[in-house]
2 protein chains.
Amino acid sequence: MQNSGRQSRRITAAQVAEAAGVSRSAVSRAFTAGAYLDRAKREKILKVAQELGYRPNALAAGLQAAGRSDLVAIVTGDLVNHYDAEILARLVQSLRGLGKWPVVLGGHEDLREEDVLGVLGYPLDALVLRGGSVAESVALHCAKLNIPMILSGRVMSAPGVDCVCCDNARGAAMAVRALVARGRRKLGYLGGVPHLSSDQDRRTGFETALAEEGLSPAVLAHADYSFEGGYAAARDLLAGGAEIDGLFCANDAMALGVMAAARQEGGLSIPEDLSIIGFDDISMAAWPGFDLTTVRNDMDETVSQILRLLSARLEAPGKDNEVAWIEPELILRGTH
Amino acid sequence: MQNSGRQSRRITAAQVAEAAGVSRSAVSRAFTAGAYLDRAKREKILKVAQELGYRPNALAAGLQAAGRSDLVAIVTGDLVNHYDAEILARLVQSLRGLGKWPVVLGGHEDLREEDVLGVLGYPLDALVLRGGSVAESVALHCAKLNIPMILSGRVMSAPGVDCVCCDNARGAAMAVRALVARGRRKLGYLGGVPHLSSDQDRRTGFETALAEEGLSPAVLAHADYSFEGGYAAARDLLAGGAEIDGLFCANDAMALGVMAAARQEGGLSIPEDLSIIGFDDISMAAWPGFDLTTVRNDMDETVSQILRLLSARLEAPGKDNEVAWIEPELILRGTH
DNA sequence: CAGTTATGTGAACACGTGTTCATAGCATTC
DNA sequence: GAATGCTATGAACACGTGTTCACATAACTG
């Protein structure tokens with residue numbers, strides 16, 4: 001009953017050393033590849049360590065080797081958004097391939113800036129920030145703490161900050177041209193949260209491309225990047241008697257909501273009565289029953305570029321900041 | 001050019017102390033609520049710290065206060081699975097409410113056990129394991145390292161391991177009775193990965209409830225818990241001429257895939273020609289166009305219980321292990 | 001055999017913090 | 001006026017590790 005109830009401490013290298021009858025240094029060396037240590041001794045130590053369930057404390061190790069904690073914070077968008085969820089999955093897996101441990105923040109709308117600043121208490125190897133609007137204020141703190149920052153879905157010019165971003169305007173223009181080529185002339189835009197640059201760029205690209213075709217927008221509407229928001233917006237448009245024959249949606253989730261509303265509330269056929277094009281190319285867009293024409297915001301390429309910039313930045317902390325542009329691609333399916 | 005290229009070190013408390021003309025102890029006290037420190041002095045220190053961008057190193061702090069690193073590892077399922085994605089989002093947000101930082105692992109099928117063992121190098125406050133099959137081997141290591149483990153979607157009896165699990169058999173039985181009450185007699189089961197206990201329990205519940213109604217399964221099939229898998233399985237069933245009038249699917253994603261296949265490949269009307277019931281109640285199930293009848297595997301309640309068990313375990317590390325059962329609820333919509 | 005090199009090894013240091021210890025000043029109480 | 005209690009403060013310690021330092025032994029080289 002000596003230790004009852006109390007949380008006993010973690011096994012330490014000193015305890016392993018005592019049990020194996022060696023010095024503590026030897027234990028540390030046993031877990032360090034390439035260190036001078038007698039083979040038999042190393043095996044003895046590893047065996048004892050295994051029995052005791054010893055594992056070097058990563059916190060203490062990270063404290064020792066300054067500048068490499070192997071922790072990387074990811075500030076994600078709302079995971080109800082499928083695009084963010086799929087990106088996160090790829091990102092988490094890829095970071096493990098680099099030996100990094102991802103600390104995940106956000107995942108919901110009310111992401112408090114306080115949380116982001118809080119995680120900076122850890123000596124992070126890097127901070128990956130997906131979209132969002134807190135970038136500017138966070139960047140300042142990152143700079144002071146010498147923590148590299150990688151921005152995805154947004155561009156910012158600051159020392160130590162690298163960016164990966166889709167050419168949103170170009171993607172929007174591709175959608176417009178595809179709709180016009182299909183014979184559509186009364187085109188509408190359904191945007192997302194207006195204060196995000198992704199939405200602004202897609203809208204600008206939409207309007208510019210439309211002007212080049214000698215057309216002007218028939219409708220400019222906004223929702224919240226969600227299926228439900230897209231559904232409600234489309235229902236309101238239909239009820240308001242809006243006359244459109246093509247709609248470009250700022251992301252796929254809203255496009256799917258619009259399709260559901262157009263079919264169920266408006267009795268419309270797609271694409272006969274209304275052409276729809278989305279943005280992102282989430283996995284759901286390819287599902288039979290949706291078959292959504294969309295602009296691919298390539299996730300694999302995005303994650304790949306994030307990792308490339310991350311590695312380069314860790315290699316050369318003082319290098320110039322860089323922006324990796326992701327080329328959009330029009331995926332032709334059945335709704336345009 | 002003195003420091004060019006080299007990654008300059010993080011600001012430390014000693015540097016703040018020197019800049020503010022106080023002892024290092026005072027700096028530490030300035031960031032500790034309730035410590036004896038002259039008010040003016042504290043304000044001075046905080047001001048200097050702000051200017052220098054100082055932030056106490058959480059690694060060193062965690063090393064100091066043994067037993068509380070505020071790090072919690074989450075081993076999630078594949079995030080392509082919407083249920084896992086939605087659970088993760090809630091979990092991440094809730095853990096922040098407890099002041100914990102979530103380190104996320106997995107998110108893809110090939111979750112290597114090596115990764116899970118690797119994260120145990122950190123002195124975690126706890127490990128949350130969603131579903132999966134690596135539980136047994138991990139539990140042993142957790143026990144040796146005195147790291148509390150919380151299992152979700154799976155039950156295991158071991159000291160220091162708490163579990164949260166839906167009563168899968170009961171949920172399956174509810175689905176069966178709803179189908180029978182609708183007049184269905186030729187019922188099939190579309191399961192997920194067979195070696196997971198969630199699938200086994202749901203199938204057992206299905207068969208038992210069916211037997212109680214004096215019926216036997218018309219079809220027992222398996223897919224991979226994905227939309228695409230459900231679609232393919234349903235197509236094969238239709239091509240094979242299977243005679244069923246009701247299908248219970250082990251999760252919603254497969255149920256949605258089955259619906260798409262039944263409509264597009266088989267030309268069937270739902271629920272007129274075929275009743276379908278899913279499991280989980282992901283947000284998509286409620287979308288117009290799907291309107292899926294399903295057994296709710298309550299996510300809010302699950303996360304809430306995980307947090308309760310976590311708090312209780314941190315409060316009393318030696319307490320008996322506990323299993324929190326989540327009561328399933330039949331959500332009646334339009335597909336049964 | 002003398003001289004150089006490669007291999008082992010334990011003691012000691014550094015990482016950056018929170019907290020205890022001892023001491024000192026000051027205000028309050030009897 | 002002495003005794004007591006509260007506030008404030010810097011030095012010192014502990015946390016658990018990786019690595020350097022000094023030294024010892026063994027293995028080659030000429």
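By convention in this document, chain letters (A, B, ...) are assigned in the order of the sequence lines, proteins followed by strands, and residues within each chain are numbered from 1. Values in this document were obtained by computation on a predicted structure and should not be read as measured data.
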Where the side chain of A:Asn57 is concerned, which of D:dT17, C:dG18, C:dC15 is the nearest nucleotide?
-> D:dT17
Only one of B:Val119, B:Val75, B:Ile74 clears side chain to side chain contact (heavy atoms under 4.5 Å, CB included) with B:Val103; which?
-> B:Val119
In whole Å, what is the span from the CD1 atom of A:Ile45 to the P atom of D:dT17?
-> 13 Å
Nearest of C:dT19, C:dG16, D:dT19 to any side-chain atom of B:Ser28?
-> C:dT19
Please give, in whole Å, the distance from C:dG16 P to B:Phe31 CZ?
-> 16 Å
What integer distance in Å separates B:Asp70:CG from C:dG18:C1'?
-> 14 Å
Are A:Leu79 and A:Leu88 close enough that some pair of their side-chain heavy atoms sits under 4.5 Å apart?
-> yes
If you round to the nearest 0.5 Å, how far is OG1 of B:Thr76 from CG of B:Asp84?
-> 4.5 Å
Separation of C:dG16 P from B:Tyr54 OH (nearest whole Å) = 10 Å
One would report the end-axis bend of the helix from C:dC1-D:dG30 to C:dC30-D:dG1, five pairs per end and rounded to 10 degrees, as 40°
How many Å lie between CZ on B:Arg42 and C1' on D:dT9, as a whole number?
-> 13 Å
Just how far is it from atom OG of A:Ser152 to atom CG of A:Leu91, taken to the nearest 0.5 Å?
-> 8.0 Å
How many angstroms lie between atom SG of A:Cys163 and atom CD1 of A:Ile150, to the nearest 0.5 angstrom?
-> 9.5 Å
Considering just the side-chain nitrogens and oxygens of A:Thr12, establish if one lies under 4.0 Å of OP1 or OP2 belonging to D:dT17.
-> yes
Of A:Val72, A:Val138, A:Leu105, which meets side chain to side chain contact (heavy atoms under 4.5 Å, CB included) against A:Leu127?
-> A:Val138
In a table with atom names and distances, give each donor-acceptor pair under 3.5 Å that connects a side chain of residues 302-309 of chain B to protein atoms at least two apart or in another chain.
from: B:Thr302; atom 1: OG1; to: B:Asp298; atom 2: O; distance (Å): 2.6
from: B:Gln305; atom 1: OE1; to: B:Arg308; atom 2: NE; distance (Å): 2.9
from: B:Gln305; atom 1: OE1; to: B:Arg308; atom 2: NH2; distance (Å): 3.0
from: B:Gln305; atom 1: NE2; to: B:Glu301; atom 2: OE2; distance (Å): 3.1
from: B:Arg308; atom 1: NH1; to: B:Glu322; atom 2: OE2; distance (Å): 3.4
from: B:Arg308; atom 1: NH2; to: B:Glu322; atom 2: OE2; distance (Å): 3.0

Nucleotides 8-13 of chain C: protein proximity per nucleotide (B base, S sugar-phosphate only, - neither; heavy atom, under 4.0 Å) | BBBBB-
Interatomic distance where CG belongs to B:Leu63 and C1' belongs to C:dA14 [whole Å] = 13 Å
Return the nearest nucleotide to the side chain of B:Gln64; candidates are C:dG16, D:dA14, D:dG16.
-> D:dA14
Could you check A:Tyr54 against A:Val48 for side-chain contact (heavy atoms from CB on, under 4.5 Å), going step by step and ending with a plain yes or no?
-> CA-CA 8 Å; A:Tyr54 169 74; A:Val48 173; over 6 Å; no
Looking at CZ of B:Arg55 and NZ of A:Lys144, how far apart are the two atoms once the value is rounded to the nearest 0.5 Å?
-> 10.0 Å
